[in-house]
Amino acid sequence: MITLKTIREQTDKVCTRLKVKNFDATPLVQTIISLDDKRRALQTATDAALAEQNVAAKQIGVLMQQGKREEAEAAKRATVEAKEQIKIWESELQLLTQQLNDTLVLLPNLPSEMVPAGRGAEENEVISEGGAMPQLAQALPHWELASKYDIIDFDLGVKITGAGFPVYKGKGARLQRALISYFLDFNTAAGYVEVQPPLMVNEASAFGTGQLPDKSGQMYYVGLDHFYLIPTAEVPVTNIFRDVIVDPKELPVKLTAYTPCFRREAGSYGKDVRGLNRLHQFDKVEIVQLRTPEESYKALDEMVSHVEKLVQSLGLPYRILRLCGGDMSFASALTCDFEVWSAAQGRWLEVSSVSNFESFQANRLKLRYRDEKQKPQLLHTLNGSSLALPRIVAAIIENNQDGAGISIPQVLQPYTGFDRID
């Protein structure tokens, strides 16, 4: 959530920067400032009335001591009337404050000055690429390979639950487990502390990281208990620090977690959702960092480099994109996406997003640290996929097929216990 101070003091900048995200902020910003003006005026009037009431209450005692009962009674009646008025104003203040907060949360995060303008994915900037493109005599898509070698059963998942919930079998299940263990080991070796968070969160947690109200339609809701199934480990892991003032000695905070992830993906259809390309339940390993504002973009570069090394270790051709304003998420200030090449599908598949949210999430979470003057300041939050499994699996089995089977990347073999699927 953008701070009210920023909106009031940098109004033009807020409106201009959000145009990069193709968001017209002017009407909302005007409403926010108007509501805040009313709130401030009413707060001033209420505070003044409370001060007068306190003075009047003291005067009643003085008048009683002086034997001026009639004047004291009149002062009492005036005080009662003032109390009633104050109650009305306090109720109005509560309503205004709620309206203000409800409007504030509708504004997306400001994009960094490094974010290029653009309407959609086709205008993202390629900032780096690497890895050798596979040269295959035969290139079956992963859904055919999954059936041929009996490692993933999509139809069985439809029977049990529905589309987008595959069943991994045999060496396919072992490959999943191997990737999760390898990713976690790779992250912890780089200084990330592993945590195992809940798979459901309450409304306050979903709000804190920006999923609510913006992404409410994409989340699975458990109505009886008012919980949400997590769309990513980012949500519960970052919320560990909701309403916390972090000791500067504990910074930087670096955490990693594996979780299943659940996304409704409403409106998804066509070739882009076939097989593992887009699922409602999938496995992902996440990295999260908390940093001071001065260090957050250095940390972002470190995280991008870390994920790049992880993708390189799998031997996959990849590219790194800096997302344009029109393709960024609601909460992000700057995002770098990783894509790997799918040999059989002949296209790039997104496998990771690494983002700096600056203070946007921290303001919602009330996540702070004390600066050198011991004054509480908002931290910056960052996270990234390290990595999401479905499209990584798709790329591994497509790019490493040879007609007689599928070769397993060398770094995974100690985890799988086998070097081929055949």
Within the structure provided, determine whether [X] and [Y] are in side-chain contact (heavy-atom separation under 4.5 Å).
| X | Y | answer |
| --- | --- | --- |
| Leu276 | Phe154 | yes |
| Pro111 | Met328 | yes |
| Val354 | Phe338 | yes |

If every non-hydrogen atom of [X] is compared with every non-hydrogen atom of [Y], which pair is closest and at what distance?
| X | Y | result |
| --- | --- | --- |
| Asp422 | Ala404 | CB-O, 3.5 Å |
| Leu379 | Ala362 | O-CB, 3.1 Å |
| Ala257 | Pro197 | CB-CD, 3.9 Å |
| Glu234 | Val288 | CA-CG2, 4.4 Å |
| His280 | Arg264 | CE1-O, 2.6 Å |
| Val235 | Asn239 | O-ND2, 2.8 Å |

Without placing hydrogens or testing angles, list every side-chain donor-acceptor pair under 3.5 Å for residues 21-29, not counting sequence neighbours.
residue : atom : partner : partner atom : Å
Lys21   : NZ   : Asn109  : O            : 3.0
Lys21   : NZ   : Ser329  : O            : 2.9
Lys21   : NZ   : Phe330  : O            : 3.2
Lys21   : NZ   : Ser332  : O            : 2.8
Asn22   : OD1  : Arg119  : NH1          : 2.9
Asn22   : ND2  : Gly118  : O            : 3.0
Asp24   : OD1  : Thr26   : N            : 3.3

Do the side chains of [X] and [Y] get close enough for a salt bridge, i.e. N-O under 4.0 angstrom?
| X | Y | answer |
| --- | --- | --- |
| Arg8 | Asp37 | yes |
| Asp36 | Arg39 | yes |
| Arg17 | Glu113 | yes |
| Asp247 | Lys249 | no |
| Glu90 | Lys83 | no |

*Given Ser353, which of Asp337, Thr232, Leu321 fulfils the side chain to side chain contact (heavy atoms under 4.5 Å, CB included) condition?*
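Single side chain to side chain contact (heavy atoms under 4.5 Å, CB included) partner of Ser353 among Asp337, Thr232, Leu321: Asp337.
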Looking only at atom types and distance, does a side-chain atom of [X] sit under 3.5 Å from a main-chain N or O of [Y], one as donor and one as acceptor?
| X | Y | answer |
| --- | --- | --- |
| Ser305 | Asp301 | no |
| Gln361 | Thr209 | yes |
| Arg391 | Asn277 | yes |
| Lys284 | Ser352 | no |
| Thr188 | Leu184 | yes |

*Run the ring-centre check on Phe360 versus His380 and record whether the distance is less than 6.0 Å.*
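Ring centroids of Phe360 and His380 are no less than 6.0 Å from each other.
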*Describe, in one word, how the ring planes of Tyr221 and Tyr228 are oriented to each other, choosing from parallel (under 30°), tilted (30 to 60°) and perpendicular (over 60°).*
tilted
*Gln138 atom CD, neighbour heavy-atom count above 12 within 6.0 Å*: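 Enclosed: over 12 neighbouring heavy atoms sit under 6.0 Å from CD of Gln138.
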*Gln196 side, atom CD; Tyr258 side, atom OH - distance, nearest 0.5 Å*: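 Gln196 CD to Tyr258 OH: 9.0 Å, rounded to 0.5 Å.
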*What's the verdict on side-chain contact (heavy atoms from CB on, under 4.5 Å) for Asp283 and Gln176, showing C-alpha distance, side-chain angles and the deciding distance?*
CA-CA 8 Å; Asp283 293 322; Gln176 285 282 114; 3.0 Å; yes
*Could you list all the side chain to side chain donor-acceptor pair (under 3.5 Å) pairs where at least one residue sits in residues 363-373, not counting sequence neighbours?*
Asp371-Gln377
